[in-house]
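See below for the structure under consideration.
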Amino acid sequence: MKKEISISELAKLMRVSVHQIRYFEEKGVLFPAYIDENQYRMYGIDEIYRLSHILLLRKAGLSVQAIRHWYDEGTPDDMQQLLLESVYQIEAELDRLRDLSGLIHKVLNDYERFGDRAPSFQVIQREPLVLSSWFETDFNTELDARMLAQQGDTQPGLFETDIHYVYEEECLRRVRLCTKAIDMDGDVVLPAGEYLSCRFSIHDEEELKQHFDQFQAFGDQSPFVLTGPRILVEKSYLSLFTRESLHYELLARVDRSVGNAAEREEKR
DNA sequence: CTTCTCACA
DNA sequence: TGTGAGCA
């Protein structure tokens, strides 16, 4: 009985494919101890160790190229360096995955809180919001693909972040499309404070106008005044859950320093 | 059972 | 960076 083993025995022992062992040979990192008369590759104990190392390094994220290079002319310090670089990459990947997980949780949470519901009004306290303005358009013109494309390189991940439509005060003719500023160079700033918020979902753009009116009506019969721009936030990713509805939040800053509409009426 | 080669993801 | 098929 020979001391060496065939490629399939080695493959079974190391739980890899025969193919992969031959691939490592082609790439110059693992060679048989010798070739048998029948042209079969034969492997000894040294090759078993060598293969273990290769597999470990592959698992650690080193390329076969890099392994080859190290076997050719690598020092122990080089190996330490290679593994360090590898661990940095893995940690970067962990960060990426954490971000991704966070994004999905955010979507899930948002859906649970504001999924499909009748319009709900509430006054909420908001942190200052910095938006980076994107472009301006008319109230009536619908957003189309070309308008998006013409804006050139905007933020990546367009629809992961909510699109904010900021309507100019008083007349709602002009709309400013914004996204949340990632860095601090936003150009539209909404101050912290109390905001009236209404969340709703619609099936047709037509319904938007009604909600604006309802929103205004709600403001008029409340003990405060709505001030500043109306902000329509399109929760674009909530549309993931339903095939045919769009989700929005309508916001306006609350001003309690002025009397409400009814009181103003009295004073006249 | 092994080898090699080629195409493919 | 491997895999799968086909052939000898």
Side-chain angles (χ1 to χ4, degrees), chain A residues 1-111 144-146 148-161 163 179 182 236-244:
Chain A
M1 199 62 179
K2 284 200 197 75
K3 291 195 293 186
E4 290 79 15
I5 58 178
S6 74
I7 196 169
S8 61
E9 288 175 298
L10 179 62
K12 192 187 290 178
L13 178 66
M14 304 302 291
R15 301 174 141 87
V16 295
S17 68
V18 170
H19 249 87
Q20 197 177 3
I21 298 173
R22 286 183 33 88
Y23 176 77
F24 287 153
E25 181 177 338
E26 186 186 315
K27 294 298 165 188
V29 288
L30 176 70
F31 300 95
Y34 66 95
I35 307 282
D36 214 3
E37 307 143 34
N38 53 15
Q39 302 299 309
Y40 288 8
R41 293 164 174 80
M42 301 302 288
Y43 300 88
I45 188 73
D46 290 350
E47 286 69 41
I48 294 177
Y49 279 114
R50 166 68 81 110
L51 180 52
S52 306
H53 291 158
I54 295 169
L55 292 173
L56 177 60
L57 292 174
R58 287 294 298 118
K59 229 163 58 168
L62 300 209
S63 68
V64 176
Q65 262 289 316
I67 298 170
R68 162 80 201 259
H69 191 77
W70 186 82
Y71 277 135
D72 285 350
E73 55 184 82
T75 68
D77 279 354
D78 292 336
M79 178 55 77
Q80 187 183 31
Q81 191 55 40
L82 285 172
L83 292 176
L84 271 175
E85 280 164 21
S86 185
V87 92
Y88 292 150
Q89 282 208 14
I90 287 167
E91 273 154 18
E93 184 69 359
L94 277 176
D95 287 344
R96 192 187 68 82
L97 291 174
R98 260 191 292 273
D99 284 356
L100 188 54
S101 162
L103 171 65
I104 294 173
H105 273 116
K106 201 181 86 159
V107 171
L108 250 19
N109 275 335
D110 238 26
Y111 176 64
D144 65 38
R146 186 145 310 280
L148 291 181
Q150 273 168 359
Q151 297 314 309
D153 58 308
T154 50
Q155 359 270 343
L158 221 186
F159 291 103
E160 289 175 21
T161 162
I163 300 179
T179 51
I182 21 189
S236 43
Y237 52 69
L238 284 185
S239 308
L240 285 173
F241 297 90
T242 59
R243 272 169 299 283
E244 61 221 51

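By convention in this document, chain letters (A, B, ...) are assigned in the order of the sequence lines, proteins followed by strands, and residues within each chain are numbered from 1. Every heavy atom of this structure was used, including side-chain atoms; hydrogens, water molecules and symmetry mates were not. Just so we're clear, the structure is a prediction, and the values are computed from it rather than from any experiment.
- One finds the CD atom of A/Gln65 at 10.0 Å from the CD1 atom of A/Ile67 (value rounded to the nearest 0.5 Å).
- Distance A/Arg22 CZ to B/dC6 P: 13 Å, rounded to the nearest Å.
- Between C/dT1, B/dT3, B/dC1, one nucleotide has an atom nearer to the side chain of A/Arg41 than all others, and that is B/dT3.
- At whole-Å resolution of the value, CZ in A/Arg68 and P in C/dT1 are 13 Å apart.
- Atom CD in A/Gln65 sits about 7 Å away from atom P in C/dT1, given to the nearest Å.
- Each of A/Leu57, A/Asp72, A/Val64 was scored for a side chain to side chain contact (heavy atoms under 4.5 Å, CB included) with A/Val29, with one residue passing: A/Val64.
- Dashed line: the shortest gap from a side-chain N or O of A/Gln20 to OP1 or OP2 of C/dG2 is under 4.0 Å.
- The side chain to side chain contact (heavy atoms under 4.5 Å, CB included) test with A/Leu55 is passed by exactly one of A/Met14, A/Arg15, A/Arg50: A/Met14.
- Contact check, A/Ser17 against C/dG2: no side-chain N or O comes under 4.0 Å of OP1 or OP2.
- The distance from atom CD of A/Glu25 to atom P of B/dT2 is 14 Å, rounded to the nearest whole Å.
- DNA chain B is contacted by both A/Tyr40 and A/Glu26; A/Tyr40 maps to the nucleotide lying nearer its 5′ end (nearest heavy atom per residue).
- Between A/Tyr34 atom OH and B/dT2 atom C1' the separation is 14 Å, expressed in whole Å.
- Salt-bridge annotation for A/Arg96 and A/Glu93: present, with a side-chain N of the basic residue lying under 4.0 Å from a carboxylate O of the acidic one.
- At least one side-chain heavy atom of A/Asp110 sits less than 4.5 Å from a side-chain heavy atom of A/Tyr237.
- Of all nucleotides present, none satisfies the Watson-Crick or G-U wobble test against B/dC1 with each distance under 3.5 Å.
- In this structure, A/Asn38 atom CG and B/dT2 atom P are separated by 10 Å, rounded to whole Å.
- Atom CD1 of A/Ile21 and atom P of B/dC4 are 13 Å apart (whole Å).
- B/dT5 atom C1' lies 10 Å from atom NE2 of A/His19, rounded to whole Å.
- Between A/Ser8 and B/dT2 there is a side-chain N or O to OP1 or OP2 distance below 4.0 Å.
- The nucleotide C/dC7 finds no pairing partner, because no Watson-Crick or G-U wobble arrangement with both distances shorter than 3.5 Å includes it.
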